Structure formats: structure tokens, C-alpha cells
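Here the structure comes first, spelled out in C-alpha cells, and everything after it is commentary.
It should be emphasised that the depicted structure is a prediction, and the values quoted were computed from it without experimental measurement. Residue numbers start from 1 in every chain, and the chains themselves are labelled A, B, ... in the order their sequence lines are given, proteins ahead of strands.
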Amino acid sequence: MDTKSEKTSLNFIQSIIEEDLRNNKNDSKVHTRFPPEPNGYLHIGHAKSICLNFGIAKKYNGLCNLRFDDTNPNKEDVEYVDSIKEDVKWLGFDWGDRMYYASDYFDKLYNYAIQLIKLGKAYVCDLSAEEISQYRGTPQKPGKESPYRNRSIEENLDLFQRMRAGEFKDGTKILRAKIDMSSPNMHMRDPAIYRIRRMSHHRTGDKWCIYPMYDFAHCVSDSIENITHSICTLEFEVHRPLYDWFLNELNIFHPQQIEFARLNLSYTVMSKRKLMELVEENYVSGWDDPRMPTISGLRRRGYTPESIRNFADTIGVAKRDGIIDVALLEHSLREDLNKKANRVMCVLNPLKVIIDNYPEGQTEELDAVNNPEDASKGTRKIKFSKVIYIERDDFREEAPRKFFRLKPGKEVRLRYAYFIKCVDVVKDPNTGEITELHCTYDPESKGGKSPDGRKVKGTIHWVSAEDSFNIEVRLYDRLFTVENPLAQDKDFKKYLNKDSIKILKNCLAESSLKDVKAGEKFQFERLGYFCVDKDSDNENIVFNRALPLRDSWAKIENKIKKL
RNA sequence: UGUCCGAUGGUGUAACUGGCAACACGUUUGAUUUUGGUUCAAAAGAGUCCAGGUUCGAGCCCUGGUCGGACAACCA
């Protein structure tokens, strides 16, 4: 039992870390960070990064900081920092007392910039944004040097201080690193370090009118926090030479940047910009719309932190980018909720059933199991009566042989109750729609077993007219109709699924559900997993369907249809 | 006509210093079942982008291609 340790294969980041540990690099310490920009809500892709960074810290007895990369007051807002904190916490991670902001380091950053100037490695440039862009060249063509590139250190120092003092208009001057305008790497062609931006910052207010750029702020912040492994996504790979350059020139602690492939999920989009577009143009109700791949959306939909963490574990980490099948995410939720969610009976599309031979006015209580996967959850009583409702889908006038549910003249089991047989079908004379069914029940079959050992293939769920109440149920489907909405062209919104939400107002739930609270999750027997939505009030309880149950009948039926 | 990165069943990830390509999801089949759920058992499905080379032996190493992605904000 001792040496049976499961063969853990390391991902490439863990391999790097273990190699570093073997070499006693960084005094054998591991310190990571999760560095979101507070300019939007976190999504499942961030969850991957959070699980990675906090997970690695935990695995190697290290620490992981939460750091807001808030160097652009133009886009950032406290609303977002609050939601980010909530989401990280909800996912189950703890940054302890190490919550930082890049803006905490504005003074230090400023001084490092001055140091760079003194080293002759940075200069103030008067070129306009357009000119800079022209001077930069293209990936194929080298750029040319700015006419301001060779200002003296004294002049640069003076100018930079005056930039800070607010002597120049926005956009008229910029501090640039002096590297190499002919570098094959565009990021090395004298990148911007500081820009003038008269805008109040959500934390530093109006203290600054110059703000540092990402490339400068990020590596220095990592260094200040003694981050050993600075893990980020692939698009920053080209930035790494610059990351290293700043740290080398400044000669300060040098974290190692490691890039991995960001998460893509099928049938959705995963960039803050595009999600923001869906929110702002009202394609969804907000960042936490249950159809959104945001953490808050998934939470509202009914996802659990465990299922998301487990998902992150399963998908692994690598440098190749691809698209993960949502089915994998869904599987991890089903796996989790199957163990945890109590079962209840609800009818989404009710069809009235009258049990002709059941005594008028009589009711009786039956025992129902709360969770067959967990005996400690016990049982509850449900009430049976003469009039009940079943799912419209569970009755077919003309049914294929493999249809095990209710059909004329045939018997079916009502879960936990009785066998019933359909004796009559009543229809609306005008529309032909079935309005009610008449059935008879076998009093001997109470609890769902018949003493004569008669077998009934189908078991269906139901609620009694006596003891049920009206609920609203929202059914969700994938947000997009195609696996990769970005594959063909940029116009991803034309692949939006018009049927991604279906609202059912006339659903019936067993009365045990009367006192539920937002966020509670249940399995509606035979239907799926459902979560109480925050839109619920005393008048109207709203359930979101997180996920339907796996449905092998649907597969059979599809096959029949094809024949 | 640049630099960097990547390429393993349908999808994602493995294969420790070269040694019978494995796991999960998905798919299919069967068993069990008072949820057409769960569970259990089994099967199909790649010979590792291509071409050479090194080697007794290559998914792993070397060379050259091909294909895909990233990079030209005073965004992060």
C-alpha cells in the first residue's frame, strides 16, 4: 500500500520547478502569483490559471499572491476587483495577507525608471503615437531610431521629472527603453515604459499623471514580490526577452517567466473583450448570466468549485493550444453533483392525470430517498392523491416499441408510488391537444412493487395536485451554435444560439422545495441538475438547469427517427 | 518575406535518462437498476505532421520541409 503511489506525471511547468528545486535555485522556494487586470470578470480560462498558480504553490509548499495588474486607469474599476476577489475565494483559494496591486509599486516603479535613465537605457521621446508606430517598422522591416533617442541623461531626467510633475499634455511625451530598433522582436524596438495620462486611478486617485506600461510594471512587480515562477499565457512568449531585459538592466531579483496555452472551450468565446461585448450589447443579461463562461456565470448556473477545480486538473497544462470539449466540463459537474445533490421530483411540462379508481379526497404519504449515492441524506415523505401531474414527454399515444413510459392501455410505475395504467386520453376538441389522462392504479403496488412480481419497464416521476406548487425553470443550451465561433471570421456573434435560453413558467415542484435558498442545488429526478437562481422571491422560485442528466433514451429515439 | 512557439485516437493530456503508445472525456455493446441517472464489464478508435539520418531499437535525438498559432496599443 505504501509504494503504490499513483504515477503522477508532471506537467512541463512542474518539471521545470522540480529541476529548479534540485538545483536549489531560489533557495528551493516556490512563489507564484495570479495577476489579473481588474477590467472585467474572471472566466473559466482564468480558473485554469488560478488552479495552476495556487495549485503549484500548494504542491511545492510555496505561496501564491493575488496581484491586481492595475496600470491602466482607463479600463479598470473597483467593481472588477471585488468580483475577482470573490471568484478566487469561491474557487477555494486563499492568498492570505498577500493581496497586492501593481499600483502599490508606483513609487518604486518610478524610481526604477529613473535608474534606467541614469543607466542610459531609457529616454524621453517626443514623437506622436502615430510617428512612433511608423518608426517602429514591421516584423519584416527594421524600424528606425527616434530623433530624440540620444538626449543626454540629464535632459532625460529633467524631462521625465517634468512629465511626472504634469508639465506636458497627455500623449506629447513618453518614456522609452533604449534597446534596438532593428530587433526582429517588435517588443524590443524601444518599447514604451511610461505614458502621460491625466486620469484618476481607482486606488491612487490623482496622485499620478504618468502610468507605467505592462511590460515594465509586470516584471518589476514580480521581482518586488520575489516571485520565483511567473506563469502566464502563450501570447506573452514574445515579451519574455523584454521581461528579462528590464530585470537584467536593473539588476534586481529575476523571476522566470513560463508560458502555457490558454484554455479554449468549445461552443463559447473566452476573451474578456468579447464577453464584454455580449454583456454590453445585451446578448446576455450580465457577466453572471448562466450561459456565460465566467466564473460568476458558472456559479449561478449551478457549477461547484470542486467541479471546476477537478476540470482544471483533468485538462492539464501544455504549450499547444486547442479547444477543450465542453462535455469534459459538464462531466466534472455531473460527477460532483451526482454525489452531492439531493433528488426531488418536479414536472417541467405538466400533463394532468386522474386516477379514476383512487378514492376522492384521499391522500397518503410515501417514502422517497433523498440521495441514492449517500444514505446519510435519509428519506422524505411525498404526498400522493387522485390527481397528479406527469411530464408531457412521458406519455405517447403512439409509441415506438422501445418507449418504456406511459401509453394507452399500458402500465408504468410512478416513482415511489403505484403502478398505473392509462385507460383514456382526453383532448381539446379544437386543437387536438391532450388535456388530461385517465388512469387506474393497482392498490397492491404501493411503493412501486407488485406482490405478483409483475414487471414494469418504465418508472416516471410525478407530483400530486395536492402537494405541489408552481415554479419557474430556465433551461440553458450552449451560447453558440458552432464549436469555434472564431474559426471562420471575426463576426462571432452571428453564431449565437437563439435558443440558448428557454423559460418555463408553469412547472410544478414537490412541496419540499418551498423553502429553498439561492444557490441550492438539486437533481430533479430523470431531468437534470438544477440550481436556485438569485431571481427567486417568495412569490416565484426560479431554478436554473445547470445540466440535463445523460439521456440514453434521446439517443435511442434519434436512432429510431433516422430509420 | 522576419522572430518566437507548437504538432501524439474525435477532444484534451501522458509515455521518467531512446525500450510493446497510456489515461480521461466522448462513442458503441452488454449487465445491474423503482432515475432510460449512477455503477459495473467490454469494444472500437492513433502507430505519434512529412522526408531523411543516428541507433539493435526513435513519439522522444539530428537535418530539412509542411501545417498551425503568436508578435507591428502611449492595452494587459
Table of protein N/O atoms under 3.5 Å from nucleotides 26-28 of chain B N/O atoms:
{"from": "B:U27", "atom 1": "OP1", "to": "A:K555", "atom 2": "NZ", "distance (Å)": "3.1"}
{"from": "B:U27", "atom 1": "OP2", "to": "A:R550", "atom 2": "NH2", "distance (Å)": "3.4"}

Within the structure shown, what part of the strands sits under 4.0 Å from [X] by heavy-atom distance: base, sugar-phosphate, or nothing?
X	answer
A:V317	sugar-phosphate
A:K141	nothing
A:L414	nothing
A:L328	sugar-phosphate
A:Q523	base
A:Y211	nothing
A:P372	base

Distance-only donor-acceptor hits, side chain of residues 133-145 of chain A, under 3.5 Å, sequence neighbours excluded:
{"from": "A:T138", "atom 1": "OG1", "to": "A:Q140", "atom 2": "N", "distance (Å)": "3.2"}
{"from": "A:T138", "atom 1": "OG1", "to": "A:K141", "atom 2": "N", "distance (Å)": "3.0"}
{"from": "A:E145", "atom 1": "OE2", "to": "A:R149", "atom 2": "NH1", "distance (Å)": "3.2"}

Measuring only the [atom1] atom in each nucleotide, how far is [N] from [M]? A whole number of Å is fine.
N	M	atom1	value
B:C16	B:U33	C1'	43 Å
B:G53	B:U17	C1'	22 Å
B:G9	B:C5	P	23 Å
B:C67	B:C50	P	15 Å
B:U63	B:G68	P	23 Å
B:A22	B:C60	C1'	15 Å
B:C61	B:C74	C1'	46 Å
B:U3	B:G65	P	12 Å

Let me know the distance between [atom1] of [X] and [atom2] of [N], rounded to the nearest Å.
X	N	atom1	atom2	result
A:R478	B:U11	CZ	C1'	13 Å
A:R262	B:G12	CZ	C1'	17 Å
A:L547	B:U35	CG	P	20 Å
A:L263	B:U11	CG	P	16 Å
A:E18	B:U17	CD	P	13 Å
A:D313	B:A14	CG	C1'	15 Å
A:N338	B:C25	CG	C1'	16 Å
A:K48	B:U13	NZ	P	7 Å

query = In chain order, what residues pass the side chain to side chain contact (heavy atoms under 4.5 Å, CB included) check against A:D313, with sequence neighbours excluded?
reply =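 Checked A:D313 against side chain to side chain contact (heavy atoms under 4.5 Å, CB included); zero matches.
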
task = Check side chain to side chain contact (heavy atoms under 4.5 Å, CB included) between A:R22 and all other residues, then give those that pass, not counting sequence neighbours.
result = A:E18, A:E19

ask   = Taking the six-membered ring of A:Y211 as reference, does the NZ or CZ atom of A:R197 fall below 6.0 Å from its centre and within a 45° cone about the axis?
value = no

ask   = Would you call B:G6 syn or anti, using the 90° rule around 0?
value =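 Anti, since the glycosidic angle lies more than 90° from 0.
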
request  = Assign B:A70 to syn or anti; the rule is syn for a glycosidic angle within 90° of 0 and anti otherwise.
outcome  = anti

A:I324 vs A:G458, nearer the 5' end of RNA chain B by closest nucleotide = A:I324

ask   = When you match A:L10 and A:K446 each to their closest nucleotide on RNA chain B, which lands nearer the 5' end?
value =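 Checking each residue's closest nucleotide, the 5'-ward one belongs to A:L10.
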
ask   = In dot-bracket, 5' to 3', how would RNA chain B read with Watson-Crick or G-U wobble pairs under 3.5 Å, [ ] for crossing ones and | for pairs to another strand?
value = .((((((..((((.....[..)))).(((((.......))))).....(((((..]....))))))))))).....

Short N-O contact, A:E37 and A:K272, less than 4.0 angstrom = no

message = Check A:K521 with A:D336, please: is the shortest side-chain N to carboxylate O separation under 4.0 Å?
response = no

remark   = Between A:L66 and A:P36, the two heavy atoms sitting closest are CD1-CD, 4.0 Å

key: Shortest non-hydrogen contact between A:N371 and A:R343, atoms and distance   = OD1-NH2, 3.3 Å

On the 0 to 90° scale, with breaks at 30° and 60°, tag the [X]-[Y] ring pair as parallel, tilted or perpendicular.
X	Y	answer
A:W462	A:F384	perpendicular
A:F524	A:F530	parallel
A:Y214	A:H239	perpendicular

query = Applying the side chain to side chain donor-acceptor pair (under 3.5 Å) test to A:E411, which of A:K421, A:K455, A:R454 qualifies?
reply = A:R454

Step-by-step salt bridge (Lys or Arg N to Asp or Glu O under 4.0 Å) determination, A:E391 to A:R526 = CA-CA 10 Å; A:E391 207 69 62; A:R526 303 210 304 133; over 6 Å; no

ask   = Under 6.0 Å between the ring centres of A:F106 and A:H201?
value = yes

Summary of protein contacts for nucleotides 66-76 of chain B, nucleotide by nucleotide, where a base hit scores B, a sugar-phosphate-only hit scores S (4.0 Å, heavy atoms) = ---SSSBSBBB

side-chain N/O A:S552 vs B:G37 OP1/OP2, d < 4.0 Å =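 For B:G37, OP1 or OP2 has a side-chain N or O of A:S552 closer than 4.0 Å.
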
